[in-house]
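Before any comments, here is the structure.
Note: hydrogens, waters and symmetry copies are ignored here, and every other heavy atom, side chains too, is used. Keep in mind that this is a model prediction, so the values were computed, not measured. When a ligand or atom number is given, it counts from 1 through the structure's own listing order.
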Amino acid sequence: MDRETAWQIVCEHVQDPGLRRHMQAVEAAMRWYAGRLGEDPDTWGLAGLLHDFDWEIHPTSAQHPTEGAPILRQRGVDEVVVQAILSHNPEGSGIHPRTPLEFALMACDEITGLIIAAALVRGHKDLRQLSVKSIKRNWKDKHFTAAVDRGEVEAAVDAFSRECYDGKLGLWEHAGNVLTAMQGAAGDLGLDGRLAADGAG
Ligand SMILES: [Fe+2]
Ligand SMILES: [Fe+2]
């Protein structure tokens, strides 16, 4: 499946611009890691881009993404990608991550939400002006994006680190990598300063 067809699937099922942006952010992070790890960026990117495509039609952990998987198969999405998507919610799907692709998806998912929020809360609204230091400050504030479970993110990064980095990838190095990947897609994500109050129009 090509990227354009996958994006059509996303646009058909997801209306919320924030959720679309989340999936584009995970796509960017996944492509970045695939490049570093000698894996296929297109396959990894598709897993990121499609992983929450059914959240609006299946908005519970029991349904998402289990009930979305047959739709993806029907649309011709590669089974490797479908399995990765199923494994990003083991609680609901019963399928746990086993491959580098699957561990990477778990590690990149939630942290993009924190990074997007960190960019949006600042006046510049530009990922390229954001630093790991600022993200760390937001991370430590328990009220900031309280929905992002810090313990869950740490566990996902640990598991990814063990699988692909001999346990040597730390949380903040990972955050820096994901930030770098997202900075490369700042325009597509709409987080290139265009939303800044003084820079609008
Ligand atoms: Fe999800
Ligand atoms: Fe997600």
Side-chain angles (χ1 to χ4, degrees), residues 3 6-7 9-34 41 43-73 75 77-120 127 135 138-139 144-160 171 174-175 177-179 181-182 185 188-191:
R3 204 260 173 200
W7 180 241
I9 296 175
V10 170
C11 293
E12 261 175 57
H13 296 87
V14 177
Q15 303 315 315
D16 175 19
L19 183 52
R20 286 186 188 178
R21 173 153 64 199
H22 164 65
M23 290 191 282
Q24 288 173 283
V26 179
E27 176 191 25
M30 292 296 285
R31 290 191 70 91
W32 190 93
Y33 270 118
T43 302
W44 283 43
L46 284 183
L49 183 63
L50 287 167
H51 80 281
D52 281 336
F53 92 99
D54 72 331
W55 179 249
E56 287 180 2
I57 55 169
H58 303 138
T60 68
S61 179
Q63 296 172 295
H64 158 76
T66 311
E67 291 179 20
I71 301 174
L72 293 177
R73 289 192 186 105
R75 298 291 288 263
V77 175
D78 197 285
E79 189 58 29
V80 172
V81 173
V82 176
Q83 283 303 312
I85 290 172
L86 282 167
S87 77
H88 94 273
N89 180 20
E91 232 172 78
S93 69
I95 295 171
H96 291 261
R98 291 164 309 138
T99 67
L101 163 60
E102 294 169 358
F103 283 108
L105 184 59
M106 283 291 259
C108 293
D109 187 2
E110 299 275 316
I111 198 151
T112 63
L114 192 104
I115 295 174
I116 288 171
L120 285 174
L127 284 166
I135 297 168
N138 288 135
W139 169 279
F144 185 84
T145 55
V148 174
D149 183 325
R150 273 64 164 167
E152 242 170 56
V153 173
E154 282 171 338
V157 177
D158 275 353
F160 175 46
L171 172 63
H174 174 63
N177 291 342
V178 174
L179 176 61
M182 288 171 62
D188 292 334
L189 296 170
L191 295 172

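Annotation: the span from H51 atom NE2 to L72 atom CG amounts to 12.0 Å, rounded to 0.5 Å.
In summary, an N, O or S atom of D52 is located under 2.8 Å from the Fe ion (ligand 1). Put simply, H51 stays out of reach of the Fe ion (ligand 1), with no N, O or S atom under 2.8 Å from it.
Between the Fe ion (ligand 2) and the N, O or S atoms of D109, the shortest distance is to OD1. Shortest distance from the Fe ion (ligand 1) to H88 is reached at NE2 (N/O/S atoms only).
Ring-plane geometry between H174 and Y33 is classed as parallel, the angle between the planes falling under 30 degrees on a 0 to 90 degree scale with a further cut at 60.
Each of V80, V81, L101, L49 was checked for a side-chain contact (heavy atoms from CB on, under 4.5 Å) with W44, and the lone residue meeting it is L101.
A heavy-atom distance below 4.5 Å is not found between the side chains of Q24 and M182.
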